[in-house]
2 protein chains.
Amino acid sequence: MVRKDFMLRLMKYKRVLIQLRSLGFERVFSNNLGDAIGISAALVRKDLARIEMQGNRRGGYSIDAMLERLNRLLGGKEAQEAILVGCGNLGRALLNHEAFYKEGIKLVAGFDLVPPHSDIVGIPIYSMDELEDFINTRQTKVALLTVPTAAAAEVRDRLLRAGIRGILNFAPMELKCTGDCVIHNVNIGLEIENLFFLVNSLEDREAREGDSPVNCLSEGTTI
Amino acid sequence: MVRKDFMLRLMKYKRVLIQLRSLGFERVFSNNLGDAIGISAALVRKDLARIEMQGNRRGGYSIDAMLERLNRLLGGKEAQEAILVGCGNLGRALLNHEAFYKEGIKLVAGFDLVPPHSDIVGIPIYSMDELEDFINTRQTKVALLTVPTAAAAEVRDRLLRAGIRGILNFAPMELKCTGDCVIHNVNIGLEIENLFFLVNSLEDREAREGDSPVNCLSEGTTI
DNA sequence: TTATTATTGTGCCGATTGTAACAACAGATG
DNA sequence: CATCTGTTGTTACAATCGGCACAATAATAA
């Protein structure tokens, strides 16, 4: 609950650093990073102190050193393997989502009650019958769950029994976990509802106050 | 930044209440709600006090009264209209996502550089050329952005110029906002990375401590 | 060598969050 | 009517977070 924000910031730093490095930079200052991800420079420095990343008092931080440290903390650079359960519309879309390849995440298989006849994107889609075997032999630890709401809880139990430790649930129902595991719920409906609420408040305020001051809210993933 | 969690809790209460009511319940206790969404009963009571929802000291809260209040706060029950820009895999998947219909959100149109010849789900998909006109005539205020990363910033500007006030961005790049608007970033890659990190820490800890205590993390949308 | 300057590292503070504990109270029971 | 039980409403509190400001310090210039 509390260090999630912290870790997310670390991941954002990493993204920015990779970008900067690819542009030829070698060092970075706390205020660069702060601007890039929309927080104060002081907070950046505090975060970096927390991961024992020390910079040069005049020349900022070494991008390479920092990336090295972040990679060690966040799980390294070798792509981590996850599976996807529930190859409906959303599931199939995620299977060939552009973002994953670049970010060290590899979806190695999809599972569905009725697997399609041909693989769509080069990622094999298996029948649910083979779920446990696959998890067992590949020692998969993380799964994306994109099954219909009604099936979500049951599939979660099955995944956990099979050895999965982390689940990213997309069904619009808060999944809790039972045992030693991590479950994150990505509820897109909630996101949108939230957005409507904020936009409505924005317009209300403007209507009330006439010309409103610039009011700009950009927020990160609820992740 | 700060009341986002609060509002998200309100929306979660609403979901649970709707479910409970459909099961025939009429009243609910703070600890029911707390259990349902994984927080303490005290926090539930505080939230309810904050929205001036008062319960009966013995009989808990009236579900109907609470839903009424929540609906007023969160934007009522009439479905709110949003559009979706970028009808690639993810975009099309969202266009027929089960969750939206039930949750008072209505995607009224999709837009793409090359709109498909036939509507896939009954939701019309238009060419990008018609974007501004549509927004203008329908007075749309919220958009889902599922275009490729490279185009995200440009399309955002276009949307904002056209009058959109809230954007839910799915491209794996932190979009900031320029003007009076709200932008939320749903970064699925970050979500997964985060999950890997947590699972790894979990396993590390267990390896270190031998038999670990039950350690169960279930968290809501980062959103 | 000395002064200057830019940037880090950190101690402190205010704000906010969620928890714990308890008093007030409504209804049930006898 | 009196008691008792269970739930709310509220107050106090501990933890944490992020911001500010400033001392420490490394590079540079004179």
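Letters A, B, ... are given to chains in the order of the sequence lines, protein chains preceding strands, and every chain is numbered from 1.
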Base of D/dT8 paired with side chain of B/Arg57 (donor-acceptor, under 3.5 Å)
yes

Tell me whether the side-chain N/O atoms of A/Arg45 come closer than 4.0 Å to OP1 or OP2 in D/dG18. no

Quick note, A/Tyr61 side chain, CB onward, closest among C/dT17, C/dT8, D/dG18 is C/dT8

Between CE of A/Met66 and C1' of C/dG9 the distance, given in whole Å, is 15 Å

B/Ile39 CD1 to C/dA20 P, in whole Å, measures 13 Å

I'd like to know if B/Lys46 reaches the base of D/dT8 with its side chain, counting only an N/O donor and acceptor under 3.5 Å. no

Looking at D/dT8, I'd like to know if its phosphate oxygens (OP1 or OP2) sit under 4.0 Å from a side-chain N or O belonging to B/Ser30. yes

Separation of D/dT16 atom C1' from A/Leu43 atom CG, nearest Å, is 12 Å

Q. Is the phosphate of C/dT7, meaning OP1 or OP2, less than 4.0 Å from a side-chain N or O of A/Asn56?
A. no

Query - Contact check, side chains of B/His184 and B/Leu168, non-hydrogen atoms, under 4.5 Å - result: yes

B/Gln54 has its side chain closest, among D/dG9, C/dG18, C/dA20, to D/dG9

Problem - Side-chain donor/acceptor contact of B/Arg58 with base of D/dT8 under 3.5 Å - result: no

Rounded to whole Å, the CG-P distance (A/Asp47 to C/dT10) equals 14 Å

message: Do A/Asp64 and A/Arg21 have side chains that approach each other closer than 4.5 Å (heavy atoms only, starting at C-beta)?
response: yes

A/Ile51 CD1 to C/dG9 P, in whole Å, measures 11 Å

Query raised in the report: Any donor-acceptor pair under 3.5 Å linking the side chain of B/Asn185 with the backbone of B/Leu175?
Result: yes

Between CZ of A/Phe29 and C1' of C/dT5 the distance, given in whole Å, is 12 Å

When rounded to whole Å, the CD to C1' distance for the pair B/Glu52 and D/dT10 reads 15 Å

Practice problem: Look at all strands and tell whether A/Arg27 reaches a base, only sugar-phosphate, or nothing, counting heavy atoms closer than 4.0 Å. | Solution: nothing

query: Short question: side chain of A/Glu52, backbone of A/Ala49 - any donor-acceptor pair under 3.5 Å?
result: no

Taking B/Arg69 for its side chain and B/Ile51 for its backbone only, find out whether a donor-acceptor pair lies under 3.5 Å. yes

When rounded to whole Å, the CZ to P distance for the pair B/Phe6 and C/dT17 reads 9 Å

